[in-house]
Amino acid sequence: MKHLQFVLVLAIAVNVWECGDAKFGERGEMSPRRRRCYDGSLPKRLKKRERKLLLDGSSGGEVCHRLYPRVSCCPTRRAAYQILHRRDPRIFSTNNTECGRLLEEIKCARCSPNAQVLFHSLDMDKMPHREPDLPRLCQNFCREFYYTCRGHIPELFQADVDEFCQYYGRRDASLCFPDFQRKQSHRQDSNYLGDEKIEEISRKHKHNCYCAQEVLSGLRQPVAVVHCGDGSQRLFVLEREGIVRILNHNLELIKEPFLDIHKIVQSGLKGGDERGLLSLAFHPNYKKNGKLYVSYTTNQERWAIGPHDHILRVVEYTVSRKNPNQVDTRTVRVLMEVAELHRKHLGGQLLFSPDGLLHIILGDGMITLDDMEEMDGLSDFTGSVLRVDVDTDNCASPYSIPRSNPYFNSTNQPPEIFAHGLHDPGRCAVDRLQSDNGSLVILCTDASGRNTTAGRILEITKGGDYENEPSAYDLHSSGGAPPVGGFIYRGCQSRRLYGSYVFGDKNGNLRILQKSTSSTSASGEEWQEKALCLGSADSCGTMLVGHILGFGEDELGEVYILASSKSMVQSHSGKLYKLVDPKRPHTPKECQRQVEPPELLMTACSRHCKNGRCTPTGKCCCNPSWEGQFCRVAKCEPACRNGGVCVEPNKCLCKSGYSGNQCEKSERGMPNDQENGGIVDHIIDMTSYLLDLTKYVV
């Protein structure tokens, strides 16, 4: 009887011990089913001597024996070796060390004493078409495997991380892989926020926190970041002193500047002085016509009559025909100039709406009632949103239109006043995705008045008077810091940020504005303001520091932040950050776009228009004293006489026997209409004339 009791106790102990080996799932639960190998056979319990021999071996199967040292479905070295090397090489092979380590662990899942549970769950039985290449993965391990191997085994990862782990991950409380105690490896830190660090960052973050990934440093007072929309995915960074720099699609800085006009730009370094390079906007058809528009302040006072401090100028440039990463400054054409008295509330932003019209946003210039009474015409366009149609074939020469306002000058017809009543517009943004009724949505941050830092959000519409009309949203107090406008996020990397208006203030605080989900919110407002949480340097690798100077957007709709040190003495303290959602991959596969290298201008106008300029529509506008389709025919006024040919402006090539500016003088001293000569003399003269003309043309 005692022997029977001993046998029963021993059997119970062995059963408990076997279950103990299988309890290390994601939550440490024990398997509800008896352990079975993949083919349904029972796993083998290894003796201590066998374990030692297997672990001391040099074959590849020692990986699996190290993971399952006591009970295993691969009791021999050969069995473990076959498990590691018989899998599909297209999926289970890589040159990456970290990914290869995870793949070796996954291959060993068939050596697990719980292999039948891992590979044949109830969910898999409902999907007979699915090949059980992977076991049922625990959620943390699944996400780590996805981010580590996604770039090295693209055949396996055709979905985002949520879909992948929903397909291969554990959905209920059943056992999952790894079903053993696994030590986490320590990866080396990198200088950027790579995909392999996303999972670690995700665990450290609060639910609504984002990361500011540092992209570029050493900038000199950056003010804006724009893209040209030609498919090259380049970023153009504006520096206040008058320089535009390029970041290629790999976010690498190109040494030569895209545009350098610092000699004509008047800028200031003191706090509150807004003079300098203000804005850059690329024509919607930039890929074909190469047109871009720049606004800046200058001290070239050649036309303003009344007293003023500086001139705000809007000009048009064309990219170089020989280098797509450089502007041809010889193609400059002035569109508009405004004389201003003060150095604050300038505005000056340029943006194109989806209808192809250029919008120019001007501040109130801090002008007072006394200024307006003393200088008539000073406030005609201040505090306004002007709209200009640049897609015209107007070949008017600069300053050819009579000027009725001594403080405003326009090359073309005076612009349309789209809206007015603005004070200190920070930045305005056009929503990429227009509303259902096709209306234009422009959001701007602005000061509530001339002498206040209280902010407001304006939704600009045609004909709006925002001196009297209510704003879309009144911003809460931000410690006296003026707001800085951003962008309506239409990118792909962050799903939870989609459709939000991202903005901030100069103290470095970031916020978002979202449409109310319900039509009747508790506060009765259509917009809701929320703080945008940024993670610390420990969780993100980098952290936003200093004043926010502006925002930017790339071709994919991702948002960038420009910031500078709080000490304005540090002239090269500007930095560029990218706003990243750590809950998602840095560049999800569905967000990737093919990069198109920048192309040279190949239009007929750019190739043949030599003595003029090309309009955005492709018409060649001739310089003075030139005419013809491509401005290759010179004009002489008055016209050449006696068969002379105009070869240069106001320069005639005369026939033999004639001279003078218009070939009006005969070298033989007889009047032109009375001179008689033989046929031979005429033939000789004509031959000599044709030879001279041919020599000149050649």
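One is the number of the first residue; the rest follow in order along the sequence.
- Counting only distance, with no hydrogens or angles, the side chain of H262 and the backbone of G242 share no donor-acceptor pair below 3.5 Å.
- Between D474 and R456 there is no salt bridge, since no side-chain nitrogen of the basic residue lies less than 4.0 Å from a carboxylate oxygen of the acidic one.
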**Request:** Quick one: do L280 and F236 satisfy side-chain contact (heavy atoms from CB on, under 4.5 Å)? Show the steps, please.
**Result:** CA-CA 9 Å; L280 166 65; F236 299 80; 4.3 Å; yes
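- Residues N323 and L600 approach most closely at N-CD2, 3.9 Å, considering heavy atoms.
- In this structure the side chain of L253 never reaches within 4.5 angstrom of the side chain of V237, judged on heavy atoms.
- Under the 3.5 Å distance criterion, the side-chain polar atoms of Q326 are left unmatched by any main-chain donor or acceptor of S320.
- Sulfur atoms SG of C631 and C620 are positioned 2.5 Å or more apart.
- With S279 contributing its side chain and Q349 its backbone, the two residues share no donor-acceptor pair below 3.5 Å.
- When side chains are defined from C-beta on, D424 counts as touching E274, because their heavy atoms get closer than 4.5 Å.
- When all heavy atoms are compared, the tightest approach of G574 to P222 is CA-CD, 3.9 Å.
- With T542 contributing its side chain and A212 its backbone, the two residues share a donor-acceptor pair below 3.5 Å.
- Under the 3.5 Å distance criterion, the side-chain polar atoms of E469 are left unmatched by any main-chain donor or acceptor of G464.
- Rounding to the nearest 0.5 Å places SG of C622 at 10.5 Å from CZ of R613.
- Contact record, I460 with Y466: CA-OH, 3.2 Å, taken as the closest heavy-atom pair.
- The SG atoms of C614 and C605 are placed within less than 2.5 angstrom of each other.
- Remark: side-chain polar atoms of S295 are not paired, donor with acceptor, to backbone N or O of L278 under 3.5 angstrom.
- Relative ring orientation between Y498 and Y489 is described as perpendicular, the plane-to-plane angle rising above 60° on a 0-90° scale split at 30° and 60°.
- We find the CG-OG distance between D465 and S384 to be 9.5 Å, quoted to the nearest 0.5 Å.
- If you check the side chains of Q514 and Y501, you find no donor sitting under 3.5 Å from an acceptor.
- Between M543 and L534, every side-chain heavy-atom pair lies at or beyond the 4.5 Å cut-off.
- Summarising the geometry, atom CG belonging to L335 is positioned 11.5 Å from atom CZ belonging to R313; distances are rounded to the nearest 0.5 Å.
- At a threshold of 4.5 Å between non-hydrogen side-chain atoms, the residues Q629 and H608 do not count as touching.
- In the model, K291 has a side-chain atom that pairs as donor or acceptor with a side-chain atom of T318 under 3.5 Å.
- Side chain of K287 to main chain of P284: no donor-acceptor pair is present (N/O by atom type, distance under 3.5 Å, no hydrogens or angles).
- Under the 4.5 Å side-chain criterion, counting only non-hydrogen atoms from C-beta, L475 is in contact with E529.
- Here the side chains of R511 and D505 are in contact, with some heavy-atom distance below 4.5 Å.
- No side-chain donor-acceptor contact under 3.5 Å links N250 to the backbone of E252.
- A salt bridge between K322 and D328 is absent, with no side-chain N of the basic residue lying under 4.0 Å from a carboxylate O of the acidic one.
- For K635, the NZ atom sits in a packed shell: over 12 heavy atoms of surrounding residues, nucleotides or ligands are nearer than 6.0 Å.
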**Request:** Start with the C-alpha gap between R593 and E555, add the side-chain angles, then the distance that decides, and say whether salt bridge (Lys or Arg N to Asp or Glu O under 4.0 Å) holds.
**Result:** CA-CA 10 Å; R593 300 290 185 273; E555 288 189 34; over 6 Å; no
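- Interatomic distance, R234 CZ to I254 CD1, rounded to the nearest 0.5 Å: 7.0 Å.
- The two residues V502 and F551 have their closest heavy-atom pair at CG1-CE2, 4.2 Å.
- Note: I360 CD1 to R387 CZ = 12.0 Å, rounded to the nearest 0.5 Å.
- Y577 and A563 get closest at one heavy-atom pair: CE1-CB, 4.0 Å.
- Nearest heavy atoms, F503 versus V484: CB-O, 3.4 Å.
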**Request:** Could you please spell out the steps behind the side-chain contact (heavy atoms from CB on, under 4.5 Å) verdict for L251 and L216?
**Result:** CA-CA 8 Å; L251 298 180; L216 182 65; over 6 Å; no
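- Taking CD1 of I488 as the reference point, atom CG of D431 lies at 4.0 Å (rounded to 0.5 Å).
- With hydrogens and angles left out, the side-chain atoms of D364 and H423 include a donor and acceptor closer than 3.5 Å.
- For the pairing with Y293, the ring pair (Phe, Tyr, Trp, His ring centres under 6.0 Å) check across Y317, Y286, F352 returns one residue only, F352.
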**Request:** Begin with the C-alpha distance, continue with both residues' side-chain angles, and end with the deciding distance and a verdict on side-chain contact (heavy atoms from CB on, under 4.5 Å) for L497 and L532.
**Result:** CA-CA 10 Å; L497 201 61; L532 194 150; 4.3 Å; yes
